[in-house]
Each structure stands twice: as C-alpha cells, then as structure tokens.
Amino acid sequence: MAEEETELSDEQKKEIAKWFLLNAPAGEIQYVAKDLKSVLNADDVYNEAASEAFPVYNKSHMICLGMSGHFGDVLVTSYGELNENEYLDPKTAQVAIVDHVKQVCTEVRPATDEELPSPYIEEYRCALEAEMLKYVSEAYPKGVCSVYCINGKDAEGPGSDFELVVVISAARLSPQNFCNGSWRSIWNIEFKDDIQSLELKGKLQVGAHYFEEGNVQLDTKHECRDSTIFQSPDDSAIAIASVIRHHETEYLASLEESYLNLPDTTFKDLRRKLPVTRTLFPWHNTSQFSLTREISKELGIGK
C-alpha cells in the first residue's frame with residue numbers, strides 16, 4: 001500500500017524556497033522570487049525566506065546599486081558591510097542604506113571617521129583604486145570595482161602591516177536574449193612591512209546561463225597567488241594592478257580555449273563511442289545539429 005503523502009511544514013517550505021533563491025543565476029533572483037511567491041501561496045513563508053536569502057545572494061553576487069544624490073554606484077559586499085543593510089562606498093566615503101529584497105538603495109549618509117581608514121592607509125587604498133578603475137574600464141565594459149581596507153585600517157604610518165581587498169564585479173544581463181552572465185573576482189593583498197612584501201590571493205568566479213531552447217549553466221572558480229614588492233603607494237598600486245591584469249587575462253584565455261575544444265573533449269566524452277543507431281557522430285560538423293529540431297522531428301511536432 002502506497003505511503004500517504006505528508007504536507008510539508010512551513011519551515012520545510014521556507015528552506016526549499018531559500019534554496020531556489022540562493023541558487024538563482026546572476027540577475028534572475030527576482031524572476032525566481034515571483035514564481036516562488038505564486039507557488040507557495042503563503043506570504044508569511046515567502047517573506048521569511050526572502051528576508052533570509054536576498055542579503056546572502058546580493059553579497060555573494062556582489063550586486064551593484066545606484067546611490068541617490070549623484071554619488072554613483074555602491075557594491076553590496078561583505079567587505080563593505082557595516083550592518084545588515086548599510087554598505088560603505090570607499091570612493092565617495094558614503095554609506096548606502098539598502099533594501100535587499102527590492103535590490104535598491106533607499107538612502108545615503110556620510111561615513112563617520114571610525115568607518116574610514118586612517119590617512120596613511122587611505123593613501124595606499126586610493127592609489128590602488130585609481131589603478132584598478134583604469135584596468136576595469138578597459139577589461140570589463142559593465143564592470144565596477146571597489147577597494148576596501150579589511151585589516152589594520154587605523155595604522156598611522158610605516159611599521160604596521162595591513163590588508164586591502166580589491167573587489168571586481170561585472171554582469172551582462174540580457175534576459176530578452178535568453179542569456180545572463182557575471183564575472184566576480186576578489187583579491188586580498190597583505191602589506192607586510194617587516195619584509196617589504198605584498199602577498200596577493202585571488203579568487204575568480206564566472207557564471208553564465210543560456211536558456212534559449214534549453215537550459216545550460218556555467219559556474220567555474222579559480223584561485224591563484226602571487227607577490228610583489230612593498231613600495232610607495234603609487235608604485236605599489238601599479239605593481240598590484242599589473243599582477244591582477246596578468247592573472248585575470250590568463251584565466252580568461254584558458255576559458256576561451258576550453259570552450260573552443262568542447263566538441264572534441266567534454267561533449268565527445270559524454271557520448272557513446274558507437275550509438276545504438278550504429279552510426280558515428282560527425283564531430284567535425286556539430287553545428288548542423290539542433291536539439292529542438294531533432295526532438296521535434298522524432299515527436300512529429302509541426303507536421
């Protein structure tokens with residue numbers, strides 16, 4: 001005798017809804033939220049799930065929001081988070097108050113002295129940000145970057161170690177063309193005064209979603225390390241930007257190369273060597289095949 005189906009509790013429904021929200025591709029969480037709200041048909045459950053999932057999603061995807069008052073854009077990241085809905089924009093020394101669920105900036109206030117780094121640290125941070133803005137404007141047409149001090153921000157002069165982090169976020173959203181994509185990179189730079197060295201650790205993440213006549217997602221990550229010499233603010237900034245440019249360009253080239261080889265490697269490994277039709281697949285000309293066309297033909301659709 002079949003087991004009786006049990007109704008999910010509100011807590012279980014909330015956790016499932018959170019999973020769908022947190023795993024939405026770049027730029028698509030609002031579409032997922034709209035469908036979830038309709039399926040759940042329970043505002044209390046949806047609101048609780050959304051209030052927990054949206055802040056995590058926004059920070060992990062490092063979304064960019066426009067600030068009122070001609071202050072430009074602010075990145076929503078854990079590095080600039082002052083509390084659950086206030087985010088520092090180091091470029092303008094402003095704090096954005098954010099509505100996570102609506103994904104908008106509702107208010108802007110000046111940052112206090114305690115929320116900003118010391119003049120000595122700011123000199124290094126500002127020089128690095130200037131170099132990174134040049135690089136990002138060249139490499140990412142829709143990219144945004146910020147540089148934060150996450151350790152040692154109260155250092156008043158030489159002799160102290162401190163740590164900056166460079167955050168780059170670029171998204172290309174085109175749902176009308178059934179594709180969305182994002183690039184996120186985080187570079188931690190440790191300034192070690194005693195050995196006059198800069199240690200860099202990079203985490204790069206690329207996501208893409210194509211959903212025309214199918215559903216294909218890419219989610220790839222890469223980590224790297226490097227080092228350079230601790231110099232003056234301007235010289236250190238140029239050296240760091242050069243290292244970042246080198247590693248990101250190299251990683252992008254490796255991705256492009258892997259995509260060019262997909263028909264001969266990944267796709268080929270997924271298919272049987274000799275299919276049940278006993279006909280070998282023409283790997284030299286894969287573009288002639290359309291999954292939708294083949295399925296329609298098999299099912300007799302459109303006849």
Side-chain angles (χ1 to χ4, degrees), residues 26 59-64 72-80 88-92 117 121-153 161-173 180-193 195-208 218-261:
K59 286 183 287 185
S60 66
H61 283 263
M62 300 191 297
I63 68 168
C64 178
D73 299 321
V74 61
L75 279 174
V76 177
T77 77
S78 58
Y79 303 105
L88 174 67
D89 177 44
K91 289 189 292 293
T92 59
I121 300 298
E122 179 61 17
E123 193 175 0
Y124 279 91
R125 193 209 66 78
C126 192
L128 178 55
E129 188 167 65
E131 286 299 320
M132 291 309 304
L133 286 171
K134 291 179 194 174
Y135 161 63
V136 170
S137 66
E138 297 168 3
Y140 307 101
K142 295 184 179 295
V144 182
C145 84
S146 281
V147 180
Y148 305 90
C149 180
I150 57 174
N151 280 314
K153 75 183 185 74
D161 294 347
F162 59 95
E163 185 176 359
L164 301 181
V165 62
V166 175
V167 176
I168 301 173
S169 178
R172 186 153 193 155
L173 308 178
N180 294 306
S182 68
W183 172 287
R184 288 163 277 166
S185 54
I186 300 169
W187 290 90
N188 289 75
I189 305 106
E190 294 182 46
F191 288 70
K192 298 184 176 181
D193 187 86
I195 58 175
Q196 292 294 289
S197 172
L198 305 179
E199 301 292 329
L200 289 84
K201 291 185 292 184
K203 295 180 181 179
L204 317 179
Q205 185 170 359
V206 183
L218 165 74
D219 186 8
T220 179
K221 299 177 183 179
H222 175 67
E223 295 188 8
C224 48
R225 289 174 175 266
D226 211 325
S227 62
T228 187
I229 302 171
F230 194 147
Q231 306 171 76
S232 67
D234 289 340
D235 290 339
S236 292
I238 293 171
I240 292 168
S242 177
V243 170
I244 292 175
R245 182 191 296 269
H246 166 73
H247 282 283
E248 294 196 348
T249 302
E250 192 176 67
Y251 180 53
L252 185 58
S254 71
L255 284 177
E256 290 177 341
E257 184 180 356
S258 67
Y259 298 150
L260 290 174
N261 295 327

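Values reported hereafter were calculated over all heavy atoms of this structure, with side chains retained and with hydrogens, waters and symmetry mates removed.
Atoms NZ and NZ, on Lys203 and Lys221 in that order, are 9.0 Å from each other to the nearest 0.5 Å. In this structure, Met132 CE and Ser146 OG are separated by 11.0 Å, a value rounded to the nearest 0.5 Å. Rounding to the nearest 0.5 angstrom, the gap separating the CD atom in Gln231 from the CZ atom in Phe191 is 10.5 Å. Atom CZ of residue Phe230 and atom CG of residue Leu198 lie 6.5 Å apart, to the nearest 0.5 angstrom. For the atom pair Tyr251 OH and Glu223 CD, the distance stands at 10.5 Å (nearest 0.5 Å). Considering CG of Asn188 and CD of Glu163, their distance stands at 5.0 Å, rounded to 0.5 Å.
The main-chain N or O of Arg245 is found under 3.5 Å from a side-chain atom of Thr249 such that the two form a donor-acceptor pair. Formation of a donor-acceptor pair under 3.5 Å by the Ser197 side chain with backbone atoms of Ile229 is not found in this model. In terms of modelled atom types and a separation under 3.5 Å, the side chain of Thr77 and the main chain of Lys59 share no donor-acceptor contact. Without hydrogens or angle criteria, Ser258 side chain to Leu255 main chain gives a donor-acceptor distance under 3.5 Å. Put simply, the side chain of Ser242 never gets that close to the backbone of Ala239: no donor and acceptor are under 3.5 Å apart. Between the Asp73 side chain and the Cys64 main chain, no donor and acceptor come within less than 3.5 Å of each other. Arg184 contributes a side-chain N or O that, together with a main-chain N or O of Ser60, makes up a donor-acceptor pair within less than 3.5 Å.
With respect to Lys153 and Glu122, no salt bridge is recorded, no charged nitrogen being found less than 4.0 Å from a carboxylate O. Between Lys134 and Glu138, none of the side-chain N atoms (NZ, or NE/NH1/NH2) sits under 4.0 Å from a carboxylate O, so this pair counts as no salt bridge.
Residues Cys224 and His222 meet the side-chain proximity criterion, which asks for heavy atoms closer than 4.5 Å. In this structure, Tyr79 and Ile186 have side chains that are in contact, with non-hydrogen atoms separated by less than 4.5 Å.
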Test Ile189 against Val165 for side chain to side chain contact (heavy atoms under 4.5 Å, CB included), laying out the working first. CA-CA 6 Å; Ile189 305 106; Val165 62; over 6 Å; no
Quick one: do Trp183 and Val206 satisfy side chain to side chain contact (heavy atoms under 4.5 Å, CB included)? Show the steps, please. CA-CA 5 Å; Trp183 172 287; Val206 183; 3.5 Å; yes
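Taking each heavy atom of Tyr124 and Ser236 in turn, the nearest pair found is CE2-OG, 4.1 Å. The shortest non-hydrogen separation linking Cys145 to Glu129 is O-OE2, 4.5 Å. What you find for Gly143 and Ala170 is that their closest heavy atoms are CA-CB, 3.7 Å. When every heavy atom of Ser169 is checked against every heavy atom of Met62, the shortest pair comes out as OG-O, 2.8 Å. Taking each heavy atom of Tyr148 and Leu88 in turn, the nearest pair found is CE2-O, 3.6 Å. Between Leu173 and Ala26, the closest heavy-atom pair is CD2-O, 3.7 Å.
Using modelled atom types, one finds a donor on one side chain and an acceptor on the other under 3.5 Å when comparing Glu248 with Tyr140. For Asp219 and Gln205, the side-chain atoms include at least one donor-acceptor pair closer than 3.5 Å.
Evaluation of the salt bridge (Lys or Arg N to Asp or Glu O under 4.0 Å) rule for Asp89 yields Lys91 as partners, not counting sequence neighbours.
Checking each of Leu200, Val147, Asp226 against Ile240 for a side-chain contact (heavy atoms from CB on, under 4.5 Å) leaves exactly one that passes, namely Leu200.
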